[in-house]
Trainee: 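Would you mind keeping the following structure in view while I ask a few things?
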Amino acid sequence: MIPGKYRSVSGRAANNVNCGLHLVIQTSSLPEKNKVEFKLNKDTSSFPGRLLQHDLERNYSSRQGDHINLVSSSLSSFPILQRSSEEKILYSDRLSLERQKLTVCPIINGEDHLRLLNFQHNFITRIQNISNLQKLISLDLYDNQIEEISGLSTLRCLRVLLLGKNRIKKISNLENLKSLDVLDLHGNQITKIENINHLCELRVLNLARNFLSHVDNLNGLDSLTELNLRHNQITFVRDVDNLPCLQHLFLSFNNISSFDSVSCLADSSSLSDITFDGNPIAQESWYKHTVLQNMMQLRQLDMKRITEEERRMASVLAKKEEEKKRESHKQSLLKEKKRLTINNVARQWDLQQQRVANIATNEDRKDSDSAQDPCQIDGSTLSAFPEETGPLDSGLNNALQGLSVIDTYLVEVDGDTLSLYGSGALESLDRNWSVQTAGMITTVSFTFIEFDEIVHVLPKLKIKFPNSLHLKFKETNLVMLQQFNALAQLRRVDQLTIDPQGNPVVNFTLWKYYVLFRLSHFSMQKINGTEVTQNDMIMAERLFGILAHVASSELPQYRLISILGDARKKQFRYLLESKGKKPGIINEENNDSKRLVGENTNRATLNYTTRDFYNEKLEGYCETKGDEYMKAFGNGKSITQGATTP
């Protein structure tokens, strides 16, 4: 057991020379003095060495009673220290050469019993001439000009090493100092924590006022209880959770801006005192609560004791934060599932479009090669385009499995917008939608759905969502102007958005004018986000009005009536019956009604029949032609047989 006792005090002692580290050394065998003082002989002429004259001549000249002799030697360039017998007896284990303007360490002979050595406030540039002091337990070289840690390899008993306020750039040459209890390196030029992992008995480490940008490489410091890192340039901290005994951590006045950069502190079970004041993080409104809810074991924060009320508030906020994280995680999963589902729908859509394009190409090739019956379809064409035999991207596949994303369509209600992805989503219109949800929908978006399939559900859309005013189409194969005729059956449309992607119809210069003309009864306000003006309406009428007039004029009466709705049929018949009457009998109101019905009638003749209708008609045509062919083939067979019979 060493005779000295060490006590480390931080916080309010921060103004002393050791930047918060106050080392108190008590030795029971010495008189009650806080500091050893020595007096030099006034007669310095007997010391011819220049170093002695420069360093020691004017120091402690007025002190009486203590005698230290520093003599020069012709055999050495270093001064040699000698003490009187009285000095050695009175201060047998300590020596102070503080404020002597020393530039080198003097040779100290005959003092092998020294345990405490003080070189504070000198100009020493190198540690030397102390290798013989193998019983030394405390070496104080604070406030010198030392650039490298060296000359300590023989001091295996050293417990306290104070090298604050020097010019040291690297921690090194401490391999043999395995008994170190206190290491003070504050006020140097150190940029990295290194070469200290073997100091398993170190309790206090002071690296304040250096050039550290990060904290790591602290493994092995199993006895460390206090770590001072004030006034550095630290942005993140690691490995602190691997210090089992750490109680006090001082990180004031650094560049820490988020708790994530010091998240390892939350895993430390021993920390009871920590400081973050002077960091950007300490300016945040959530700072204190975040620290407390992640470090419930703390007793002091920024040198202030934590109250029970503060702990309670932090606990409540921690629970709320946990709930928020769970909800955020849930939303993230849903968002990812949505993204993957849309990717899956898009992939299926691309495959479908590729099949259609390849079938059309094959049919064109067959037509050009031979005059084949248009009703004959090669069954091998479809099988040439399987569903997708290649493997998916591994990351996407894992995500799909983890989220159970096997859907080929998606229905999403976001605020007032109903988004439908994939043809399967159209089946959602048959659901029992709540009145509140259905009434809230004002925008309906269709993506990756054939427009001809959408046409079939437009009557349902009008009934299910009576307040829908805005329709959006993306990747719906809008390829010709006639398709817009199908929208006339809706209740109302104020806005129409046709995305160029997957809708070639927008390549027609006049498509917007045709929409305005055909759907004029809606008094549409915007098309693709652009306001509709009165000039636009006039231009639409000029461009396409004659088309509607010609179409309605050429249409037979019975066909025209079949196109109109029930209410329009009655009005139309009334107008036809009025043609035989005298002009004066028909009043002005009926004239207006006739004009209105006439406009709607003209436009009503511009309708759209989906390709399914044509396919059905084509199938009927093929069946008829097939029967005729079979009859002809049968007759031909009979003729052949008859011709070969003798």
Side-chain angles (χ1 to χ4, degrees), residues 8-15 19-22 203-209 212-216 218 221 224-336 415:
S8 175
V9 181
S10 297
R12 291 182 173 81
N15 292 327
C19 293
L21 177 66
H22 179 203
R203 290 190 306 108
V204 179
L205 176 60
N206 189 357
L207 290 169
R209 296 186 183 276
L212 298 173
S213 61
H214 56 276
V215 179
D216 57 5
L218 296 173
L221 304 181
L224 194 67
T225 60
E226 180 176 317
L227 178 58
N228 188 349
L229 298 168
R230 290 185 177 101
H231 293 282
N232 276 279
Q233 302 163 13
I234 297 169
T235 57
F236 69 88
V237 177
R238 285 199 296 256
D239 292 347
V240 171
D241 52 321
N242 295 327
L243 303 175
C245 296
L246 187 65
Q247 298 177 18
H248 311 284
L249 176 61
F250 306 108
L251 288 164
S252 306
F253 301 100
N254 279 284
N255 293 326
I256 299 169
S257 57
S258 70
F259 190 81
D260 290 339
S261 61
V262 292
S263 58
C264 66
L265 301 179
D267 298 325
S268 173
S269 58
S270 58
L271 264 178
S272 61
D273 184 9
I274 194 168
T275 64
F276 286 112
D277 55 301
N279 283 273
I281 189 177
Q283 305 301 318
E284 300 291 343
S285 58
W286 44 261
Y287 158 64
K288 192 169 187 178
H289 292 146
T290 300
V291 172
L292 291 183
Q293 73 185 31
N294 285 280
M295 305 178 67
M296 299 299 291
Q297 79 280 9
L298 283 183
R299 296 180 180 177
Q300 285 195 150
L301 176 61
D302 296 332
M303 308 307 295
K304 296 179 181 177
R305 184 168 294 279
I306 299 169
T307 65
E308 290 302 318
E309 178 62 19
E310 289 173 331
R311 292 185 190 278
R312 189 188 67 80
M313 288 297 298
S315 178
V316 171
L317 291 174
K319 292 179 181 178
K320 291 183 178 179
E321 188 67 24
E322 187 63 28
E323 292 175 0
K324 188 183 296 183
K325 285 182 179 179
R326 283 197 296 266
E327 181 63 25
S328 177
H329 180 67
K330 178 181 177 181
Q331 294 301 322
S332 296
L333 286 178
L334 291 176
K335 185 176 181 181
E336 182 66 7

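Atom set for the values below is all heavy atoms of this structure, side chains included, hydrogens, waters and symmetry mates excluded. For reference, positions follow the sequence shown, starting with 1.
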Trainee: Would you say the side chain of L229 lies within less than 4.5 Å of the side chain of F250, judging by non-hydrogen atoms?
Mentor: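 The answer is no; the side chains never approach within 4.5 Å.
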Trainee: Could you list the residues that satisfy salt bridge (Lys or Arg N to Asp or Glu O under 4.0 Å) with R311, not counting sequence neighbours?
Mentor: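 Partners of R311 under the salt bridge (Lys or Arg N to Asp or Glu O under 4.0 Å) test: E308.
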Trainee: Within the distance-only criterion (no hydrogens, no angle test), does the side chain of N232 pair as donor or acceptor with the backbone N or O of R230 below 3.5 angstrom?
Mentor: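 Side chain of N232 to backbone of R230, a donor-acceptor pair under 3.5 Å: yes, one is there.
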Trainee: Please find the pair of heavy atoms, one from Q293 and one from M296, that lie closest to each other, and give the distance.
Mentor: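 Of all heavy-atom pairs spanning Q293 and M296, the closest is CA-SD, 3.8 Å.
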Trainee: More than 12 non-hydrogen atoms from neighbouring residues, nucleotides or ligands closer than 6.0 Å to CZ on R305, yes or no?
Mentor: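 No, the 6.0 Å shell around CZ holds no more than 12 heavy atoms from other groups.
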Trainee: Report yes or no: does D277 contribute a side-chain atom to a donor-acceptor pair with the main-chain N or O of S252 at less than 3.5 Å?
Mentor: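 No; zero donor-acceptor contacts below 3.5 Å.
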Trainee: Name the one of K330, Q331, K324 that satisfies side-chain hydrogen bond (donor to acceptor under 3.5 Å, both in side chains) with E327?
Mentor: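 Going through the options one by one, the only one that passes is Q331.
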Trainee: If every non-hydrogen atom of M295 is compared with every non-hydrogen atom of L271, which pair is closest and at what distance?
Mentor: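 Closest approach of M295 to L271: CE-CD1, 3.8 Å.
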Trainee: Once you round to the nearest 0.5 Å, how far does OG1 of T275 lie from CG of L251?
Mentor: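 Rounded to the nearest 0.5 Å, the OG1-CG separation comes to 6.0 Å.
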Trainee: Would you say the side chain of L218 lies within less than 4.5 Å of the side chain of V240, judging by non-hydrogen atoms?
Mentor: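 Yes - at least one pair of side-chain heavy atoms lies under 4.5 Å apart.
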Trainee: Please confirm whether the backbone N or O of S257 pairs with a side-chain atom of E284, one donor and one acceptor, at under 3.5 Å?
Mentor: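 Absent.
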Trainee: Say you draw a straight line from NE2 of H329 to CG of L334; how long is it, rounded to the nearest 0.5 Å?
Mentor: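 Spacing of NE2 (H329) from CG (L334) equals 10.0 Å.
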Trainee: Within the structure provided, determine whether L301 and I274 are in side-chain contact (heavy-atom separation under 4.5 Å).
Mentor: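 In contact.
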Trainee: Please tell me if the side chains of I281 and W286 come closer than 4.5 Å, counting only heavy atoms from C-beta onward.
Mentor: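 Touching, per the 4.5 Å side-chain cut-off.
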Trainee: Please work out whether the ring planes of F276 and Y287 are parallel, tilted or perpendicular, with thresholds of 30° and 60°.
Mentor: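 F276 vs Y287 ring planes: perpendicular.
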Trainee: Taking the side chain as every heavy atom from C-beta outward, state whether L227 and L246 have any atom pair closer than 4.5 Å.
Mentor: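 Heavy-atom side-chain distance check passes, below 4.5 Å.
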Trainee: Which heavy atom in H231 sits nearest to a heavy atom in N254, and how many Å separate them?
Mentor: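 Taking every non-hydrogen atom into account, N-ND2, 4.1 Å.
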Trainee: Would a distance-only check, ignoring hydrogens and angles, find a side-chain to backbone donor-acceptor pair under 3.5 Å from D302 to K288?
Mentor: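 Not at all, since once roles are kept as given, no pair shorter than 3.5 Å links the two residues.
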Trainee: Is there a donor-acceptor contact under 3.5 Å from the side chain of S328 to the main chain of K325?
Mentor: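 Checking the backbone N and O of K325 against the side chain of S328, no donor-acceptor pair under 3.5 Å is found.
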Trainee: Just how far is it from atom OG of S270 to atom NE2 of H248, taken to the nearest 0.5 Å?
Mentor: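 Separation between the atoms: 10.0 Å.
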Trainee: Using modelled atom types and a 3.5 Å cut-off, is there a donor and acceptor pairing between side-chain atoms of S272 and backbone atoms of R299?
Mentor: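 Checking the backbone N and O of R299 against the side chain of S272, no donor-acceptor pair under 3.5 Å is found.
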Trainee: Checking N255 side chain against T235 main chain: does a donor-acceptor pair fall under 3.5 Å?
Mentor: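 No, the answer is negative, given that no donor and acceptor are paired below the 3.5 Å cut-off.
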Trainee: Nearest 0.5 Å, what's the CD-NE2 distance between E310 and H289?
Mentor: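 Between atom CD of E310 and atom NE2 of H289 there are 7.5 Å.
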Trainee: Would you say the side-chain atoms of N279 pair up with the backbone N or O of I256, donor to acceptor, closer than 3.5 Å?
Mentor: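 Indeed, once roles are kept as given, a pair shorter than 3.5 Å links the two residues.
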Trainee: Within the 4.5 Å heavy-atom criterion, are V237 and C264 side-chain neighbours or not?
Mentor: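 The answer is yes; the side chains approach within 4.5 Å.
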